[in-house]
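Below, each value reflects all heavy atoms present in this structure, side chains not excepted, and no hydrogens, waters or symmetry copies. Chain naming here is simple, since letters A, B, ... match the order of the sequence lines and numbering starts at 1 in each.
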Number of protein chains: 2
Amino acid sequence: MSATYSFRPDVPKHVQIAAELRAQITAGKLSPRLPIPSEPTLMQTYGVARDTARKAVAVLRDEGYITTVKGMGSFVRDKRDWPSGRPGA
Amino acid sequence: MSATYSFRPDVPKHVQIAAELRAQITAGKLSPRLPIPSEPTLMQTYGVARDTARKAVAVLRDEGYITTVKGMGSFVRDKRDWPSGRPGA
DNA sequence: AGATATTTGTTCGTATGTATC
DNA sequence: GGATACATACGAACAAATATC
């Protein structure tokens, strides 16, 4: 069985996972030195396919929260690169 | 903004995309060594969903113009396998 | 140098649901 | 009912970059 994770209906899983990760990032719970949870880790943590895990990561990358390095992982970027960190706002 | 592509009404998108690719194949603009545009590429080029891109590729595969390999892509087949290459015609 | 493991990148295959015409 | 078209989601295979041993 394994409850893995409770997803809300009518909201794409990758969006919900992205929201979780975004919250952890903005809360400073993820070190900029270490990579965020890898795709395999996200797959197991949330009980989803790689496709879904990758989409979640893509959301945060598009938003500017993280940067991804092939063969390494994704890393949290400087706060200035975050959506809420834009000076002109 | 990218105009993506101008589709004609009353003609299925996948049929129009297939026609484009067929023209490129018969014109020898696609090397048999390299795969034809991938599904993601077709999606972006024509601004359609994967479903539609796959249907276009399926048309050419059914016609004998290409052969598809999982994880690799679709490749142009020998002219003898094309509809116009049938000797009995 | 070489081999292995980990991780991301890319590609096709399949199924389901929704909406529209 | 059927065809078109989009989005979501899982599976599978291969490729490439990185790190470690």
Side-chain angles (χ1 to χ4, degrees), chain A residues 1-21 25 30-77, chain B residues 1-21 25 30-77:
Chain A
M1 287 284 290
S2 70
T4 57
Y5 193 79
S6 180
F7 287 106
R8 297 217 231 111
D10 295 353
V11 178
K13 292 182 179 179
H14 68 268
V15 173
Q16 297 183 54
I17 296 173
E20 282 277 331
L21 294 175
I25 291 172
L30 292 176
S31 169
R33 308 296 246 302
L34 302 175
I36 68 172
S38 68
E39 291 171 5
T41 298
L42 293 176
M43 289 169 67
Q44 189 161 42
T45 299
Y46 295 97
V48 297
R50 191 187 173 199
D51 179 73
T52 304
R54 280 180 64 77
K55 274 177 180 164
V57 174
V59 168
L60 301 179
R61 184 168 49 244
D62 291 346
E63 292 175 343
Y65 285 105
I66 63 176
T67 181
T68 302
V69 182
K70 184 177 182 181
M72 292 272 285
S74 294
F75 301 80
V76 177
R77 297 177 65 184
Chain B
M1 281 301 294
S2 71
T4 58
Y5 192 79
S6 178
F7 288 107
R8 296 144 119 243
D10 297 349
V11 177
K13 292 182 179 180
H14 68 268
V15 173
Q16 296 183 55
I17 295 173
E20 282 276 330
L21 294 174
I25 291 173
L30 292 176
S31 169
R33 306 295 245 304
L34 303 174
I36 69 172
S38 68
E39 291 170 5
T41 298
L42 293 176
M43 289 169 66
Q44 188 161 44
T45 298
Y46 295 97
V48 298
R50 191 187 171 200
D51 181 74
T52 303
R54 280 182 62 75
K55 276 178 179 156
V57 174
V59 168
L60 301 180
R61 184 167 51 243
D62 291 346
E63 291 175 343
Y65 285 106
I66 63 175
T67 182
T68 303
V69 182
K70 180 179 180 181
M72 295 282 286
S74 295
F75 301 80
V76 178
R77 296 176 66 185

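- Using a 4.5 Å heavy-atom threshold, the side chains of A:V59 and A:E63 count as touching.
- Straight-line distance from the NZ atom of B:K70 to the P atom of C:dT14: 8 Å, rounded to whole Å.
- If you measure from atom CD of B:E39 to atom C1' of D:dA13, you get 14 Å, rounded to the nearest angstrom.
- Among the atoms of the strands shown, none is found under 4.0 Å from any heavy atom of A:P35.
- Toward the 5' end of DNA chain D, the nearer of the two residues A:K13 and A:G71, judged by each one's closest nucleotide, is A:K13.
- Taking atom CG of B:L42 as the reference point, atom P of C:dT11 lies 10 Å away to the nearest angstrom.
- For C:dT11, the OP1/OP2 oxygens have a side-chain nitrogen or oxygen of B:S38 closer than 4.0 Å.
- B:Y5 and B:Q16 share no side-chain donor-acceptor pair at under 3.5 Å.
- Along DNA chain C, the nucleotide nearest B:P40 and the nucleotide nearest A:S74 are compared for position; the residue whose nucleotide lies closer to the 5' end is A:S74.
- Between B:L21 and B:Y65, every side-chain heavy-atom pair lies at or beyond the 4.5 Å cut-off.
- Between B:R50 and B:K55, the residue anchored closer to the 5' end of DNA chain D is B:K55, taking for each the nucleotide with the nearest heavy atom.
- Of the candidate nucleotides C:dG9, D:dC10, D:dA9, D:dC10 has the atom lying nearest to any side-chain atom of A:A49.
- For the pair A:T67/A:V76, no side-chain contact is recorded, criterion being any heavy-atom separation below 4.5 Å from C-beta on.
- Nucleotide D:dA5 holds its P atom 8 Å from the CZ atom of B:F7, rounded to whole Å.
- Residue contacts shown for A:V48 are limited to sugar-phosphate atoms, with no base heavy atom under 4.0 Å away.
- Taking atom OH on A:Y5 and atom C1' on D:dA9, their separation rounds to 17 Å, with Å as the unit.
- Across C:dT8, C:dT14, D:dA9, the shortest atom-to-atom separation from the side chain of B:R54 is found for C:dT14.
- With B:T45 contributing its side chain and B:T41 its backbone, the two residues share a donor-acceptor pair below 3.5 Å.
- Put simply, CE on A:M43 is 11 Å from P on C:dT8, counting in whole angstrom units.
- Rounding to whole angstrom units, CG of residue B:D51 and P of D:dT8 are separated by 14 Å.
- A:V69 comes within contact range of the sugar-phosphate backbone alone, with a heavy-atom separation under 4.0 Å but no base atom that close.
- Atom pair B:M72:CE and C:dG9:P shows a separation of 20 Å (rounding to whole Å applied).
- For A:T52, a side-chain nitrogen or oxygen approaches OP1 or OP2 of D:dC10 to under 4.0 Å.
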